[in-house]
Number of protein chains: 2
Amino acid sequence: MKATIRDVAKLAGVSVATVSRVMNQNGYVNSETEQKVNRAMKQLQYVPNQMARGLAGKRTKTIALILPDISNPFFPGLARGVEDIAQNNGYTVILCNSDDLGVKERSYIEVLKKKYVDGIIFATNNLVQEDLERLEEAQIPFVMLDRAPDMKSGCVITVNNFGGAKAAVEHLLDAGCKKIAHIYGPKELVTARERLEGYEEVARKQPWYTPTLLVPGDFTIDGGVKAVEALLRNHPDVDGIFAGNDLMAVGALKALNRRGISVPGEVAVCGFDGVNLTEITQPELTTIAQPIYQIGELAAKKLIERIDQSSSHYETVELGVSLIVRDSTQKS
Amino acid sequence: MKATIRDVAKLAGVSVATVSRVMNQNGYVNSETEQKVNRAMKQLQYVPNQMARGLAGKRTKTIALILPDISNPFFPGLARGVEDIAQNNGYTVILCNSDDLGVKERSYIEVLKKKYVDGIIFATNNLVQEDLERLEEAQIPFVMLDRAPDMKSGCVITVNNFGGAKAAVEHLLDAGCKKIAHIYGPKELVTARERLEGYEEVARKQPWYTPTLLVPGDFTIDGGVKAVEALLRNHPDVDGIFAGNDLMAVGALKALNRRGISVPGEVAVCGFDGVNLTEITQPELTTIAQPIYQIGELAAKKLIERIDQSSSHYETVELGVSLIVRDSTQKS
DNA sequence: AATCGACATGTAACCGGTTACTATAAAAAT
DNA sequence: ATTTTTATAGTAACCGGTTACATGTCGATT
């Protein structure tokens, strides 16, 4: 019913090995023979069975992207970057939502091993050293985002969180803020810690600095709302807020708005990430933008590179971030 | 190096067939034998090779989700619904962004065929009858969103666009609007047409109705902005806008805001879709919410049902939508 | 006693590719 | 003239499962 390589071989009057050579462009094949084979393939509408290929050749042309939750506005852009590059290179992407749960991540890894994916991109942070080592053992190339584990293989892509945070606070100072608070994300996340450190680096030198200007959020909108409410109780006079990510900045905006506090008039707000959301708030949000799409692209490129050359040396790349000034910090 | 079914068989002192039976829980197996096999599997850390399974058994436990663009805020929620259900049933999801381009969709279908995915969910609308027929021929179960093509197999999931649109306009009337405009999406899309029809159904009966209250948008934020600008030139006195989707509603909000027109004070705005964005605008957007996540879940459920029972009768399901009233229509 | 069906397990073909190895002719090198 | 090398193509094993078919046991049925 469905044409196989043997059907093609028969029709073209050659052996299966020759057909395989034509398909994979390897080994010696006379150009006339090649024509014959190609004609036969066309005539039979031959579609090689990837599964058989994978079984025999150990390549599935499939990579996986494990992220916490595709619904989080940070990830669709990233996923898109990954998918575009993958597609350009003949790869297909399996999407996995881990909800930042180590168990789920681990269970996904098992499934992905069974499916023989060629590589994995992790945009999550819950694997322990041991899990990564198991991956190395299994010879599965991988790329991680935002995390620099201690190992010999793998590739890590990070952004300059520290520098970005510093830039954010400096920008708020430039905008005339006299007392700047920071809503930080979960301390377990390096990104959150680095941003916090960036804030402190600049803030500590200011006369108004006091540790209670640091309030915890959890990288969600609601966390931002609550953080601001708490903040205003202690510091009714803050006039600048640097949120550890855009979602919390949006929450901050909401909370301030509810309280009737004008942004940027009374309080300036700056986020971090550069997700699309920041363009639709009122006022639009100033933010430290990560090159989200490019991170995805780069992750995919690096991974495919590793797969193709089976190179596995450890490598880390840091990308820059950029301050995007919008209305939320434009005191005029 | 890596354990195969034969290794397990040898260690357990049985044949490969028996091991296979134990794995797939089919055929007769003595419970003692089963224990032995299970022990052997554990001892060797045996992980069945899905590829070999797929080759032999014709099942890959993989489905694909083809959507226009995961960056569009409508889709992450949907994708999440699909993925969750898939995961619960042991399936893995391949994500494909088609940018609403027929060519890309078709090329994806080819790739997916090669990879022997067990089924496909389409959240796009650019396939012609012929493409679908080819899928039927290839015996690949599929589920489509928002579109009812004329065929014998396949499953279609839609929402009540017409009813939702009517509800939107009625709500605007209730809110006291005296002249309601509609920004409609691309006429090629059924969803856009149905919503437009819903608007007309109600609006036509109103004294203020005139065709120039219908302005084209393209389902993007920018389209919404431009539509409102055009609208205000012809009808500076509109006091209600029903946008064909949330993105355009956000655009409308932006445009009105720029013009210094207050929402909902001077103009009330209502969107359609119920994406998260609607909760972060200022004012928050009233919208007709689709059960986005549930649509994804349902699509995945229906697809898996079809795969498992290889039932292929044509089926269509319509889900309800719900009006979510927020500030953008609360003239007080 | 012969027949039958439920139970248990093994053998080997098969899925559809890849590729190591072999064979042969023609061109190049010695 | 002989050896090597290069170009071309075929044979068959192999990847790691699934499963049709064969074989055999044992209690139940006739």
Side-chain angles (χ1 to χ4, degrees), chain A residues 1-38 40-41 44-62 90 111 113-118 138-139 310, chain B residues 1-38 40-41 44-62 90 111 113-118 138-139 310:
Chain A
M1 180 211 93
K2 189 148 202 171
T4 74
I5 195 174
R6 292 171 224 269
D7 299 327
V8 175
K10 192 168 294 172
L11 181 62
V14 301
S15 74
V16 293
T18 303
V19 176
S20 178
R21 287 184 194 111
V22 171
M23 290 200 307
N24 301 296
Q25 312 258 37
N26 60 18
Y28 294 112
V29 179
N30 183 313
S31 62
E32 274 179 43
T33 313
E34 191 175 339
Q35 298 302 315
K36 275 194 300 184
V37 172
N38 280 125
M41 296 208 290
L44 295 174
Q45 297 197 52
Y46 172 65
V47 176
N49 181 326
Q50 283 294 336
M51 215 120 43
R53 260 200 215 217
L55 222 208
K58 312 277 167 230
R59 276 274 160 67
T60 54
K61 282 281 177 183
T62 304
V111 174
K113 268 188 195 167
K114 284 193 213 173
K115 297 219 169 174
Y116 282 57
V117 295
D118 294 337
Q139 307 250 46
S310 59
Chain B
M1 180 211 93
K2 189 148 202 172
T4 74
I5 195 174
R6 292 173 224 269
D7 299 326
V8 176
K10 192 167 297 173
L11 181 62
V14 301
S15 74
V16 292
T18 302
V19 177
S20 178
R21 286 186 195 108
V22 172
M23 289 200 308
N24 301 296
Q25 312 259 36
N26 59 18
Y28 294 113
V29 179
N30 183 322
S31 62
E32 274 179 43
T33 313
E34 190 174 340
Q35 298 302 315
K36 276 194 298 182
V37 171
N38 280 126
M41 295 209 289
L44 294 173
Q45 299 198 51
Y46 173 64
V47 176
N49 181 325
Q50 283 294 335
M51 217 122 42
R53 263 200 209 211
L55 223 208
K58 310 277 169 236
R59 275 272 159 68
T60 54
K61 281 282 178 179
T62 304
V111 173
K113 268 189 196 167
K114 284 192 212 172
K115 297 220 170 174
Y116 283 57
V117 296
D118 293 338
Q139 307 249 47
S310 60

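Protein chains get the first letters and strands the later ones, always in sequence-line order, with residue 1 at the start of each. Just so it is clear, the structure is predicted and the values come from calculations on it, not from any experiment.
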K.L.:
When the nearest nucleotide of DNA chain D is assigned to B:Arg21 and to B:Asn49 on a heavy-atom basis, which residue is associated with the more 5' position?
P.N.:
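Result: B:Asn49.
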K.L.:
With a 4.0 Å cut-off on heavy atoms, is A:Met23 in touch with a base, just the backbone sugar-phosphate, or nothing at all?
P.N.:
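Result for A:Met23 = sugar-phosphate.
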K.L.:
Counting just side-chain N and O atoms, does B:Ser15 come under 4.0 Å of either OP1 or OP2 of C:dG10?
P.N.:
yes
K.L.:
Mind checking if A:Tyr116 touches a base, just sugar-phosphate, or nothing, with heavy atoms under 4.0 Å?
P.N.:
nothing
K.L.:
Less than 4.5 Å apart, any side-chain heavy atom of A:Arg21 and any of A:Asn26?
P.N.:
yes
K.L.:
A:Asp7 CG to C:dC14 C1': how many Å, rounded?
P.N.:
14 Å
K.L.:
So, do B:Asn49 and B:Thr4 sit near enough that their side-chain heavy atoms are less than 4.5 Å apart?
P.N.:
no
K.L.:
How about A:Thr62 and A:Lys115: do any of their side-chain heavy atoms sit closer than 4.5 Å?
P.N.:
no
K.L.:
Remember a base hit wins even if backbone is also touched, and classify A:Thr18 as base, sugar-phosphate or nothing at under 4.0 Å, heavy atoms.
P.N.:
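Since only primed, P, OP1 and OP2 atoms lie under 4.0 Å of A:Thr18, the category is sugar-phosphate.
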K.L.:
Less than 4.5 Å apart, any side-chain heavy atom of B:Tyr46 and any of B:Asp7?
P.N.:
no
K.L.:
So which one's nearest nucleotide on DNA chain C is more toward 5', B:Glu34 or B:Val16?
P.N.:
B:Glu34
K.L.:
Please report the distance, rounded to the nearest Å, between CE in B:Met51 and C1' in C:dG16.
P.N.:
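Result: 13 Å.
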K.L.:
Can you figure out which of D:dG16, C:dT11, D:dA7 approaches the side chain of A:Tyr28 most closely?
P.N.:
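The listed nucleotide nearest to A:Tyr28's side chain is D:dA7.
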K.L.:
Does OP1 or OP2 of C:dT18 have a side-chain N or O of A:Ser20 closer than 4.0 Å?
P.N.:
yes
K.L.:
To the nearest Å, how far apart are B:Lys61 NZ and D:dG17 C1'?
P.N.:
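Roughly 16 Å, once rounded to whole Å.
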K.L.:
Nearest of D:dT8, D:dT19, D:dG17 to any side-chain atom of B:Asn26?
P.N.:
D:dT19
K.L.:
If you assign B:Gly13 and A:Ile5 each to the DNA chain C nucleotide with the nearest heavy atom, which residue ends up on the more 5' nucleotide?
P.N.:
B:Gly13
K.L.:
Near A:Lys61 NZ, under 6.0 Å, is it more than 12 heavy atoms from other residues, nucleotides or ligands?
P.N.:
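Enclosed: over 12 neighbouring heavy atoms sit under 6.0 Å from NZ of A:Lys61.
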K.L.:
Round to the nearest Å and state the distance from A:Arg6 atom CZ to C:dC14 atom C1'.
P.N.:
10 Å
K.L.:
Evaluate the side-chain proximity of A:Ile5 to A:Pro48: yes if any heavy-atom separation is below 4.5 Å, no if none is.
P.N.:
no
K.L.:
Closer than 4.0 Å, any side-chain N/O of B:Thr33 to the OP1 or OP2 of C:dT9?
P.N.:
yes
K.L.:
So if I take every side-chain heavy atom of A:Val29 and compare against C:dT9, D:dG16, D:dA9, which nucleotide ends up nearest?
P.N.:
D:dA9
K.L.:
Calculate the interatomic distance between B:Lys10 atom NZ and D:dG16 atom C1'; express it in whole Å.
P.N.:
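My rounded result for the distance is 14 Å.
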K.L.:
Heavy atoms only, 4.0 Å cut-off, all strands: where does B:Val14 land among base, sugar-phosphate and nothing?
P.N.:
sugar-phosphate
K.L.:
Between A:Gly27 and A:Ala17, just flag the one whose closest nucleotide in DNA chain D comes earlier from the 5' side.
P.N.:
A:Gly27
K.L.:
Please report the distance, rounded to the nearest Å, between CZ in B:Arg53 and P in D:dT19.
P.N.:
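Spelled out: CZ on B:Arg53 to P on D:dT19 is 10 Å.
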K.L.:
Given atom CG of B:Asn24 and atom C1' of D:dG16, what is their separation to the nearest angstrom?
P.N.:
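Interatomic distance, CG of B:Asn24 to C1' of D:dG16: 13 Å.
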K.L.:
Starting at CG of A:Asn30 and ending at C1' of D:dT6, how long is that distance when rounded to a whole Å?
P.N.:
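It is 14 Å, rounded to the nearest whole Å.
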